[in-house]
Amino acid sequence: MEINVTLLSQIVAFILYVFFCIKFVWPYINKIIEKRENDICEGYVKVKKLKIKLNNLKKKIGLELKNTEKKVLNILSEAKYKSDLLIKDSKIKANYEYKKIILDAKIKMKNERKIMHQNFNKEIFKVINFALIKITNGVFDKKLDDKFIKNIINKL
């Protein structure tokens, strides 16, 4: 292989091109690469911080959920307790009203019986008086035969 002017000129041109790239192009590219690396590192640090914040928030949310669940369970148990109390109270009141109604009914029935007995006694006295009057009239009229007594009984 012969070294000639073309080869030498190509070597010189290549060296100048490399020198130009190193002097002017490479620092620009290197700045962009370094900036990108810094952005990536900052992003990585931010991501780590955000992951830590996320984990802290998850813990806070978990604690808040547990507290909320406890509150809900307390509210539910309190509501159940109050409903049981209301039911027991209602049963007691209903039983009291039931006994009161029964007692009132018994008193009314007793009073009605008394009134019925009084009315019955009055009616019996009327019937007996009527029968005695008829019988007495029959004795004085001397009509005390079986027909007369049956007639009186039928009228009564």
Side-chain angles (χ1 to χ4, degrees), residues 17-156:
Y17 176 73
V18 170
F19 178 73
F20 177 77
C21 284
I22 289 174
K23 186 73 177 173
F24 298 107
V25 176
W26 185 251
Y28 178 73
I29 292 173
N30 203 18
K31 281 181 187 177
I32 293 173
I33 290 174
E34 286 176 2
K35 186 178 183 259
R36 181 72 178 142
E37 282 178 351
N38 287 337
D39 288 346
I40 289 172
C41 286
E42 287 174 6
Y44 182 71
V45 169
K46 285 182 181 178
V47 166
K48 275 194 169 186
K49 288 180 181 177
L50 289 174
K51 280 185 180 179
I52 291 170
K53 280 186 179 180
L54 180 65
N55 286 336
N56 290 338
L57 286 175
K58 282 182 181 178
K59 288 178 185 177
K60 284 182 182 179
I61 289 171
L63 290 174
E64 194 65 33
L65 264 173
K66 286 181 183 178
N67 289 338
T68 305
E69 285 175 356
K70 287 179 184 177
K71 288 178 184 177
V72 166
L73 289 175
N74 286 339
I75 289 170
L76 286 174
S77 65
E78 188 176 328
K80 174 135 179 59
Y81 175 74
K82 285 183 178 180
S83 69
D84 289 344
L85 281 179
L86 283 173
I87 289 170
K88 286 179 183 177
D89 187 45
S90 297
K91 284 181 180 178
I92 290 169
K93 286 180 181 177
N95 195 17
Y96 172 76
E97 287 297 321
Y98 166 76
K99 288 181 180 179
K100 184 179 173 185
I101 289 170
I102 295 294
L103 184 62
D104 288 344
K106 285 181 180 179
I107 290 171
K108 285 181 182 177
M109 285 173 49
K110 195 173 188 179
N111 290 337
E112 287 293 323
R113 269 195 209 133
K114 283 182 184 178
I115 293 171
M116 285 176 55
H117 282 297
Q118 289 171 354
N119 290 339
F120 181 72
N121 287 340
K122 286 178 185 176
E123 291 298 318
I124 288 292
F125 287 134
K126 285 180 185 177
V127 168
I128 290 173
N129 283 338
F130 178 76
L132 287 175
I133 289 171
K134 287 291 185 181
I135 290 171
T136 340
N137 286 340
V139 167
F140 288 119
D141 293 340
K142 297 185 181 178
K143 293 183 186 174
L144 277 175
D145 57 352
D146 286 339
K147 279 185 176 182
F148 176 74
I149 292 174
K150 283 181 185 179
N151 189 12
I152 293 174
I153 290 173
N154 287 335
K155 286 183 181 178
L156 296 177

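Computed from a predicted model, the values in this text were never measured in an experiment. Positions are given from 1 along the sequence.
Expressed to the nearest 0.5 Å, how far CD1 of Ile61 lies from CG of Asn56 amounts to 11.0 Å. The CZ atom of Phe24 sits 14.0 Å away from atom CD1 of Ile29, with the distance rounded to the nearest 0.5 Å. Between Lys51 atom NZ and Lys58 atom NZ the span is 10.0 Å, to the nearest 0.5 Å. With values rounded to the nearest 0.5 angstrom, Asn55 atom CG is found 11.0 Å from Leu50 atom CG. Between the NZ atom of Lys46 and the SG atom of Cys41 there is a distance of 12.5 Å, given to the nearest 0.5 Å. Rounding to the nearest 0.5 Å places CG of Asn119 at 9.5 Å from CD of Glu112.
Closest approach of Pro27 to Cys21, counting heavy atoms only: CD-O, 4.2 Å.
Lys80 has a carboxylate O that lies under 4.0 Å from a charged side-chain N of Asp84, or vice versa, which qualifies the two as a salt bridge. A salt bridge between Lys93 and Glu97 is absent, with no side-chain N of the basic residue lying under 4.0 Å from a carboxylate O of the acidic one. Note on Glu34 versus Lys31: no salt bridge recorded, every NZ/NE/NH1/NH2 to OD/OE distance being 4.0 Å or above.
Remark: side-chain polar atoms of Asn121 are paired, donor with acceptor, to backbone N or O of His117 under 3.5 angstrom. The main-chain N or O of Leu85 is never found under 3.5 Å from a side-chain atom of Asp89 such that the two would form a donor-acceptor pair.
Taking 4.5 Å as the limit, some side-chain heavy atom of Lys126 sits within range of a side-chain heavy atom of Glu123. The shortest side-chain heavy-atom distance between Lys49 and Val45 falls under the 4.5 Å cut-off. Asn74 is not listed as a side-chain neighbour of Glu78, based on a closest heavy-atom distance of 4.5 Å or more.
Put simply, the residue from Ile32, Asp39, Ile33 that forms a side-chain contact (heavy atoms from CB on, under 4.5 Å) with Lys35 is Asp39.
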Stepwise side chain to side chain contact (heavy atoms under 4.5 Å, CB included) test for Lys91 and Asn95
CA-CA 6 Å; Lys91 284 181 180 178; Asn95 195 17; over 6 Å; no
